[in-house]
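In the text below, chain A, chain B and the rest are named by the order of the sequence lines, each starting its count at 1.
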Amino acid sequence: LDFTLTPQQLELQRIARDFANHDIRPLARRLDRVADPAATYPVELVRKSSELGLRTLKIPVEYGGLGADCLTEVVVLEELCAGDLGFGMTLQHDWREGEILARYTTGEQRARFLPEFLADPTYVTSYAITEPDSGSDNSLPYEATPAAGPKTTAELRGDSWVINGRKAFISNGNVAKMVILWARTDPAVPWTRGISGFLVPTDIVGFRAGRVEDKLGIRLNQNVELIFDDCRIPRENLLGELNKGRQLMRKVGAGAKAKEGPKALGPARAAYEELVAWTRRRSIGGRPMVDEQLVQTVLSDMRIEIEMARSLTWRAAWAVDNGSPDADALEDMVKVGASAAAVRVVTDALELLGAHAALRDNPIEKLLRDSLGMLHAGSGNEIARLHLAGLLKAEGLTMDD
Amino acid sequence: MDFNAEVHHWIREFVDRDVRPVVHELEARPDADIFPWDIVEKANAIGIGALTLSEASGGGGFGLLAAAMTIEELARGDAGIAMTLSQSLHGAELVERFGSDSQRRQVLGEYLANSRALFTVSADGPGGGLSLDADEDATSPGATAQRIDGGWIVNGVKRFVLNADKARFLVVFVPWRGSSRDVLTTCLLLESGHAGLETGPARDTVGRRLAREADLHFTDCYVPDEDALGSGDKADEILAQALRTENLFAAACAVGVAAAACEQAVAWTRQRVQGGKPLIEHDTVAVSLGRMKMQLDAARAYLHLACDALDHPGERDGTLGLLPKVLASQTAWRVAVEALELHGGWGYMREVPMEKLVRDAASLIAWDEPNRQLLLEAGRLIKASDRAVVASID
C-alpha cells in the first residue's frame, strides 16, 4: 500500500493546479454567468491545455502524448475540476476519445484522424450515446425489447453508412471536430447486440449540432443535441467490429466511472478551500470564525468527506491500472460515493454561510450548482448502485479475497 | 371564520392560475431586476395581504397557522413570490398589534387600499453566535441608532432586506446603546422615500429570484418618536415576535418548495419510461417518493404544531420559534435534491421545472438566520429552561 505519487504525477498535478488557479477559475467565474449557454465555451483554455501537454495526456507516448494511466488522470482531473468542473469535463473527452483514436482504430483510420487531433490545439471531441428517451437504459442495459435503448440508426448503403437520428445532452457537441457515435446497426435485436461505433467528423453533410441546453451548472461544458439527417460517412469509419459496439464501449469505458471521482472532488475541494479562506477572514465578536467550535466541526466533516472520496477514487484507479478484477465494482462505488460526498460538502458550506452562499457573487453558489450535476453525470447514482449490486451478486456478495 | 378548505382552495387557484404559468420564464431572466408587480397586485386584489389583519381592520382575522398555510401555497408556485408577500403579512400584523391608533389608521388604511403597498420587516437577530453579518465589513457597519431629543438618528447598513426598495412601509429594528451601555433595540416604522434612507442595488441570488433583496443604507437618518413602533419598552417584545414569525414564515416557504418538488417528482416519474416501465413503477423510485413525502409531512406537521401553539395564549416552548425553520429548510433541500436525482440529466436542464426548485431550496437554507445559529439558540433555551427537555403533548 503506497500512496506516493511518482515525480511525473506530482509535476502534472502542479502544472494542472497552477493552470486551474491562474487561468481556469477566473475565466470560469465569468463565463458561468453568461446567459447564452452556447456562448460559454472556453476555447482559450483548450489551447492553453494543449501548450501544457494536458490535452494529449492519454495519447500513447509513441504518438507524442504522455500515455498517462488512470491514476494520473484522476490526479490531474481533480486539479482541473477544482478550477472548473465543466472545463475538466471538456478536456476529459479529449482524453477518452483521443485514446480511442490512437488505440482502438485501424492503422488507416489512425493515419486519417490522429494527426489532426495532435496538431490542432483546439481539437475537442464528443462521445454520443444518450438520446432523449434512453439514458438509464444505456447504463443499465435494458434488453427486454429492441425498442428500448438508442434509436439512432446506421445503415450501409453502397460504400457509405447512412446515419439517422438524434442524440441528446452530448458534451462538446457544438464544438467537437470528431464525434464517436454509437448507432443501431441491427434494429431487430436488443440494442446491446446490434450497436456499433462510428467515427463521425463534424464537418460532414447531414450532421448538425442542434439546441445547446441551458443548465443549472457545469455551464462551461455544453450539452448539445446532435442531429443526423441522412448523414453519410465512409464505410471505413466503422469503429471496431460490426454489432460489437457494446463490447467496445466497455473496453474504452474502463476507468470512466473512476473519473467521476475527481470530477466530484474538484468542486467539493474548491468549496472546502473557499470556506477555509472565508472563516479565516471573517470574525464574530472579534474572534476569527475558524476558531468557533461549530465552524471547526463543519470544516472537519468536509475534509473527512473529501479524503474518503479521494482514497476510494485512487484505489479504484489503481485497480483499473493493474487490471484488478474488482475494478468495475470499485468504480461504481466511486461514482456514487464521491458525488454524494460532494453534495454533502457543498450543503455543509451552504448551511454554514447562510445568506452569503445564495448570492451569485459568492464562489460557493457556483460550486453548489456544479456539484449537483455529478449526481447524474455518467449515470444516475441509483443506476450505479444497481449495477454494483449486480457485480456483487455475481461474486457472491462476500468480502473474502 | 375558519381558515377552511374554501379559503385554502382559492389561494391554490390563484397560484395555479396567476403564479405557476409565468414564474418559470420570469425568474430565468438573468437580470436581477425582475420584480413581479403584476402578481403582487393580483394577490393583494384578492385579499391575500389582508389575511392576518383583524376583521375589525378589514382583514381576514387569521393567525399564524393560516398565514403559514397561505405562504406554503404561494411557495408551491414560487418561493420568491411567497417571501415577498410574507413580508406584508408579517409587517401589517406588527403594525396592527403594536402601532399607535394613527399608525394603524394611516398605514393599514393605505396598505389595504393600494395593492402595490408592500411591507418589509428587517429584524436581525441579537448578533453573536454565527450571525455572519456581524463583522462582515468594517467599512459598512450594521445600522445603529442614536437617541436624541424627540427621536432617533440612524446610521449604517441593514443587509439582505427583502422588498427593500419595493416596500411602501419598512419595519426596521435597530440596536442602540442606552445610558447603561447595554445594547437595546428600537423598532421604527418608516415609509419609502424617508430622508436619509437609501437602498443598494438588488442582490442577484441563486434562487427565489422573484423576491427582491437589497441593503438599506441609513445616513444621518432622523426618525421622530412618533414613527417608532410601540413604546420603547415594547421593542424587545416586538423583536422577539418578529424573529419568531420570520422563522416560521421561512419554514412555510420551505414546506411549499418541498411540496412542489414532491409534485414534480411524481409527475416526472409517472411520465418517464426507463427499464420498460414508468419510473414510478420501479421499487427504488417508489421508496424515494415515500421518503420524500414522509419528510414533507413531518416538516409541515412541525411547522403547524408551532404555529398552532403560538396562535393560542399560554406558556410556550421557545424552540418552536426556531427549529421548524431548520427542519423545513433542510427538508426542502433534501427533497429537492432527491427529486433532481429522479430526473436524471433532464432535471439539470432549465427546460424542466426541477432545477429551479433546487435553487429555491438552496436559497431557503440560506435565508435568514443560518440553521446552525438557530440550533445553537435552541440549545441555549433548553439549557436555560427549568422544564423537562422532552416536551410532552397534552
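- The line from CG of A:Asn223 to CE of A:Met89 is 8.0 Å long, rounded to the nearest 0.5 Å.
- Note on A:Asp361, A:Leu386, A:Thr347: by heavy-atom pairs under 4.5 Å with chain B, the leading option is A:Thr347.
- In this structure, the portion of A:Leu368 lying under 4.5 Å from any heavy atom of chain B is its side chain and not its backbone.
- Shortest non-hydrogen contact noted between A:Asn138 and A:Arg246 is O-NH1, 4.0 Å.
- With chain A as partner, the option from B:Gly207, B:Ser329, B:Gly276 having the largest number of non-hydrogen pairs under 4.5 angstrom is B:Gly276.
- Of the listed residues (B:Glu27, B:Arg209, B:Gln264), just one forms a side chain to side chain contact (heavy atoms under 4.5 Å, CB included) with B:Lys356, and that residue is B:Glu27.
- Neither the backbone nor the side chain of A:Arg344 comes within contact range of chain B; no heavy atom of the residue lies under 4.5 Å from a heavy atom of that chain.
- With chain A as partner, the option from B:Val285, B:Leu375, B:Asn371, B:Val352 having the largest number of non-hydrogen pairs under 4.5 angstrom is B:Asn371.
- B:Gln274 touches chain A through backbone and side chain together, each having a heavy atom under 4.5 Å away.
- There is no contact between A:Asn362 and chain B, counting heavy-atom distances below 4.5 Å.
- The aromatic rings of B:Trp268 and B:Trp346 lie tilted to each other, with the angle between the two planes from 30° to 60°.
- By number of non-hydrogen pairs under 4.5 angstrom with chain B, the leading residue of A:Ile383, A:Leu372, A:Asp214 is A:Asp214.
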Problem - Chi angles and distances behind the ring pair (Phe, Tyr, Trp, His ring centres under 6.0 Å) call for A:Tyr127, A:His93 - result: CA-CA 7 Å; A:Tyr127 186 92; A:His93 275 277; 7.1 Å; no
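- In terms of non-hydrogen atom pairs under 4.5 Å with chain A, the most contact-rich of B:Ala28, B:Ser363, B:Gly345 is B:Gly345.
- Checked by atom type, the side-chain pair A:Ser126/A:Asn172 shows no donor-acceptor distance below 3.5 Å.
- The contact between A:Pro132 and chain B is made by backbone and side chain atoms together, counting heavy-atom distances below 4.5 Å.
- Residue B:Val358 touches chain A through its side chain alone, counting heavy-atom pairs closer than 4.5 Å.
- Counting heavy-atom pairs closer than 4.5 Å to chain A, the top residue among B:Glu213, B:Arg359, B:Gln330, B:Met354 is B:Gln330.
- Heavy-atom neighbours of A:Lys151 NZ from other residues, nucleotides or ligands within 6.0 Å: above the threshold of 12.
- Screening A:Arg282, A:Arg280, A:Arg281 against A:Met289 for a side chain to side chain contact (heavy atoms under 4.5 Å, CB included) leaves a single residue, A:Arg282.
- Ranked by non-hydrogen atom pairs under 4.5 Å with chain B, the options A:Ser136, A:Ala35, A:Gly217 are led by A:Gly217.
- For A:Leu140, no part lies under 4.5 angstrom from a heavy atom of chain B.
- Annotation for B:Asp283: atom CG does not count as buried by contact number, only 12 or fewer foreign heavy atoms lying within 6.0 Å.
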Exercise for the section: Just do the ring pair (Phe, Tyr, Trp, His ring centres under 6.0 Å) check on A:His356 and B:Phe160 with the steps written out, would you? Expected result: CA-CA 9 Å; A:His356 292 277; B:Phe160 300 111; 5.0 Å; yes
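- Highest contact tally toward chain B, considering only A:Ala355, A:Gly135, A:Gly380, A:Gly373, is held by A:Ala355 [criterion: heavy-atom pairs under 4.5 Å].
- When each of B:Met349, B:Arg208, B:Glu351 is scored by its heavy-atom pairs under 4.5 Å with chain A, the top score falls to B:Met349.
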